[in-house]
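Just the heavy atoms: all of them, side chains too, but no hydrogens, waters or symmetry mates, feed the values below. Heads up: numbering here begins at 1 and tracks the sequence.
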Amino acid sequence: MTVPLNAYLAVGTILFVIGLAGTLLKRNTLSMFLSIELMMNAVNLLVLAYARMRGDATGQMVVFFVIAIAAAEAAVGLAIFVALFRARRTIDVDRLSLLKW
């Protein structure tokens with residue numbers, strides 16, 4: 001049984017829209033962080049679908065690279081959030097004014 005390309009496109013688009021809405025609407029930095037990860041995984045799904053359609057392994061290498069970058073970003077991001085929470089006792093975006101003049 002073969003899954004058509006349109007199904008991959010629909011699922012990837014839905015995941016990306018959910019991630020975008022979470023990034024724009026949430027005030028918690030951890031939720032925003034997870035929403036960005038969801039958007040990255042949606043793009044990975046689309047890249048893999050197109051690579052499968054073309055029949056080459058280039059898309060798999062790109063997705064592997066993106067997953068490696070996402071893992072590094074998650075480690076650094078979570079460390080920053082832990083440090084912010086220890087210093088400010090909140091990770092709410094509206095209450096964090098660390099970079100404001």
**Student:** Between Leu45 and Val11, does a side chain to side chain contact (heavy atoms under 4.5 Å, CB included) hold up when you go through it step by step?
**Tutor:** CA-CA 8 Å; Leu45 178 66; Val11 171; 3.8 Å; yes
**Student:** Once side-chain hydrogen bond (donor to acceptor under 3.5 Å, both in side chains) is applied, what residue pairs with a partner in residues 2-17 remain, sequence neighbours excluded?
**Tutor:**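 Counting only pairs at least two positions apart or across chains, the side-chain hydrogen bond (donor to acceptor under 3.5 Å, both in side chains) contacts touching residues 2-17 are Tyr8-Arg52.
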**Student:** Once side-chain contact (heavy atoms from CB on, under 4.5 Å) is applied, do any residues pair with Val82, and if so which ones, sequence neighbours excluded?
**Tutor:** Arg86
**Student:** Answer yes if Leu25 and Val17 sit in the same cluster of Ile, Leu, Val, Met, Phe, Trp and Tyr residues linked by side chain heavy atoms under 4.5 Å apart, and no otherwise.
**Tutor:**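 In one cluster with Leu25: Val17, no.
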**Student:** Could you tell me which residues satisfy side-chain contact (heavy atoms from CB on, under 4.5 Å) with Ala7, sequence neighbours excluded, listed by chain and number?
**Tutor:** Val3, Pro4
**Student:** Considering residues at least two apart in sequence or located in another chain, which fulfil the ring pair (Phe, Tyr, Trp, His ring centres under 6.0 Å) criterion with Phe81?
**Tutor:**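 So Phe81 forms a ring pair (Phe, Tyr, Trp, His ring centres under 6.0 Å) with Phe33.
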**Student:** Would you name the heavy atoms of Thr23 and Met32 that are closest together and state the gap between them?
**Tutor:**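 Residues Thr23 and Met32, closest heavy atoms: O-CE, 3.7 Å.
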**Student:** Name all pairs fulfilling the ring-ring contact (aromatic ring centres under 6.0 Å, His included) condition that reach into residues 37-64, sequence neighbours left out, sorted by first residue then second.
**Tutor:**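 As it turns out, there is no ring-ring contact (aromatic ring centres under 6.0 Å, His included) pair with a partner in residues 37-64 once direct neighbours are skipped.
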**Student:** May I ask you to list the residues sharing a hydrophobic cluster with Phe65, side-chain cutoff 4.5 Å, ordered by chain and number?
**Tutor:** Ile69
**Student:** Just grab all the salt bridge (charged side-chain N to carboxylate O under 4.0 Å, His left out) pairs involving residues 8-18, residues at least two apart or on different chains.
**Tutor:**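 Pairs touching residues 8-18 that pass the test: none.
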**Student:** Got a second to check how far Leu20's CG is from Leu38's CG, nearest 0.5 Å?
**Tutor:**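 Answer for the CG-CG pair, Leu20 versus Leu38, is 10.5 Å.
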**Student:** Measure across Gly12 and Ala42 and return the closest heavy-atom pair with its distance rounded to 0.1 Å.
**Tutor:**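 Scanning both residues, the minimum pair turns out to be O-CB, 3.3 Å.
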**Student:** Under the salt bridge (charged side-chain N to carboxylate O under 4.0 Å, His left out) rule, what pairs show up with a residue in residues 4-25, not counting sequence neighbours?
**Tutor:**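 Every pair satisfying salt bridge (charged side-chain N to carboxylate O under 4.0 Å, His left out) with a residue in residues 4-25: there are none.
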**Student:** Any link between Ile67 and Val43 through a network of hydrophobic side chains (Ile, Leu, Val, Met, Phe, Trp, Tyr) touching at under 4.5 Å?
**Tutor:**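 Ile67 clusters together with Val43.
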**Student:** When hydrophobic residues are tied together by side-chain contacts of less than 4.5 Å, even through go-betweens, does Leu34 share a cluster with Ile18?
**Tutor:**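 No, no single cluster joins them.
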**Student:** Quick check with a 6.0 Å cut-off and a 45 degree axis cone: is Arg89 positioned over the face of Phe85's six-membered ring?
**Tutor:** yes
**Student:** Could I get the full list of salt bridge (Lys or Arg N to Asp or Glu O under 4.0 Å) partners for Arg27, not counting sequence neighbours?
**Tutor:**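 If we apply the salt bridge (Lys or Arg N to Asp or Glu O under 4.0 Å) test to Arg27, skipping adjacent residues, the hits are Asp94.
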**Student:** Restricting to pairs with a member in residues 30-46, which pass side-chain hydrogen bond (donor to acceptor under 3.5 Å, both in side chains), not counting sequence neighbours?
**Tutor:** none
**Student:** Are Leu46 and Val63 linked, directly or through intermediate hydrophobic residues, by side-chain heavy-atom contacts shorter than 4.5 Å (ILVMFWY only)?
**Tutor:** no
**Student:** Tell me every residue that passes ring pair (Phe, Tyr, Trp, His ring centres under 6.0 Å) with Phe16, counting only those two or more places apart in sequence or in another chain.
**Tutor:** none
**Student:** Please report the interatomic distance CE(Met39) to CG(Leu15), rounded to the nearest 0.5 Å.
**Tutor:** 11.5 Å
**Student:** Could you grab the distance from atom CG of Leu84 to atom OG1 of Thr29, nearest 0.5 Å is fine?
**Tutor:**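 Rounded to the nearest 0.5 Å, the CG-OG1 separation comes to 7.0 Å.
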